[in-house]
Protein chains: 2
Amino acid sequence: MQSPNGAAELTGDDLETWSALATVLEWLPTALDQQLQRDAGVTHFEYGLLYALSAAPERTLRMSVLAGYANSSLSRLSRAASRLEKKHWLERTPDPADGRYTLAILTDLGQRTVVEATPGHASTVHRLVLDQLTKAQTVQLREISRRIARAIQDDGGWRPGA
Amino acid sequence: MQSPNGAAELTGDDLETWSALATVLEWLPTALDQQLQRDAGVTHFEYGLLYALSAAPERTLRMSVLAGYANSSLSRLSRAASRLEKKHWLERTPDPADGRYTLAILTDLGQRTVVEATPGHASTVHRLVLDQLTKAQTVQLREISRRIARAIQDDGGWRPGA
DNA sequence: ACTCTTTACTTGACTGGTCAAGTCATGACC
DNA sequence: GGTCATGACTTGACCAGTCAAGTAAAGAGT
């Protein structure tokens, strides 16, 4: 929680830490996408959508709720949903309870895709991340990530946009 | 370093850790880009290019070397270089020593941009990351990040592509 | 009941990335 | 010294994301 200087430049250990993290920020999403794309034909983002739906009651969520789960803008989600619809992995219908909402519903085919993609994805996360760390480091990583996420949220009251 | 089960699915603490990290993976690059875009008109990636050049002798690097520093594919770098050239922040010329190489040279204007952008960027990195962590956590984050990066590199002998 | 605002998307125009195919200089080999 | 492979980019076609503008259903106020 310290920072003797607000620092006009990153140097020394700070720079080391930051550039190590920046490398992960750059590589890990790509590595995840590649595995999922290769083995299941989905991006990590799309997998997240399918997974959230598969865990939801009736395998159904309102688009805006799904966007929240996926940290996604509505417009990004809308485009992704079109793609998934084309593959017959999900369907959209207006919410009968309130026609402004749109319900995204995972199809049986979509469910199968999630089920098939999950083990490979879990094993990649293990191989690239969890298995590399000691138990203590895993705990630390969780806490560190939460602190960073909270700082981002608080900074300018951020939420995923438009 | 353990992992009692190769795990067909992420659960419990593993899931908690992973989803905390995944949130950071999603939000932090966006937050960084927004600050740099707003205050200096560059993306985080472009800033990295300019910064690397500004630190190089003669403010000059071969494209392929720069791509290495930036963890970038050559084609991504090539497009980014075109954009930066249009803003007169850098110039490209064939390497006189070997015409297959292209030298990227930071202009004076480009140098000014880096210098002006650096404090704001450093302060964002502090605010969102470093200042949130204890000294011990900073050390852990560095080690954790390195382990993950190494695992990605080793996995399928990966390097940033085409 | 009719305008007016708000909410929940969707979509057109544009930007930035990828992948595969080019281009062009160079060093090798016969 | 002409062909051939290689290395270092660049570029065209395409895809995914953003931002801003558009649409359409609900509810609010009068």
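Note that the structure is predicted; figures quoted are calculated from it, not measured. Chain letters run A, B, ... following the sequence lines, proteins first, then strands; residues in each count from 1.
We find that CD of Glu85(B) is positioned 12 Å from C1' of dT10(D), with the value rounded to whole Å. Note: CZ (Phe45(A)) to C1' (dG17(D)) measures 10 Å, nearest angstrom. Here the C1' atom of nucleotide dT18(D) and the CD atom of Glu26(B) are 14 Å apart, to the nearest Å. In this structure, the CZ atom of Arg76(A) is 13 Å from the C1' atom of dG17(C), given to the nearest Å. dA25(D) atom P lies 16 Å from atom CZ of Arg62(A), rounded to whole Å. Distance Arg83(B) CZ to dT15(C) P: 11 Å, rounded to the nearest Å. If you take CG of Leu74(A) and P of dT6(C), they are 18 Å apart, rounded to a whole angstrom. The NZ atom of Lys87(A) sits 13 Å away from the C1' atom of dA16(D) (whole-angstrom rounding).
Electrostatic pairing of Glu85(B) and Arg79(B) does not count as a salt bridge here, judged by no charged N lying under 4.0 Å from a carboxylate O. A salt bridge links Arg146(B) with Glu16(A); the closest basic N to acidic carboxylate O contact falls under 4.0 Å. The pair Arg59(A)-Asp108(A) counts as a salt bridge, with a side-chain nitrogen and a carboxylate oxygen less than 4.0 angstrom apart.
Note: Arg147(A) CZ to Gln140(A) CD = 8.0 Å, rounded to the nearest 0.5 Å.
In the displayed structure, Arg92(B) atom CZ is contacted under 6.0 Å by more than 12 heavy atoms of other residues, nucleotides or ligands. When the shell of 6.0 Å around CD of Glu91(B) is examined, it contains 12 or fewer heavy atoms from other residues, nucleotides or ligands.
Counting atom types as modelled, Arg79(B) pairs a side-chain N or O with a base atom of dT18(C) as donor and acceptor under 3.5 Å.
Contact between the side-chain N/O atoms of Ser73(B) and the OP1/OP2 oxygens of dG17(C) is not found at any separation under 4.0 Å. Here Ser64(B) reaches the OP1 or OP2 of dC9(D): one of its side-chain N or O atoms lies under 4.0 Å away.
Of all the residues in residues 88-103 of chain A, Asp98(A), Gly99(A), Arg100(A) reach under 4.0 Å from DNA chain D with at least one non-hydrogen atom.
In terms of position on DNA chain D, the residue among Val65(B) and Thr43(A) whose nearest nucleotide sits closer to the 5' end is Val65(B).
Taking the six-membered ring where tryptophan is involved, the planes of His121(B) and His44(B) are tilted, since the angle between them lies from 30° to 60°.
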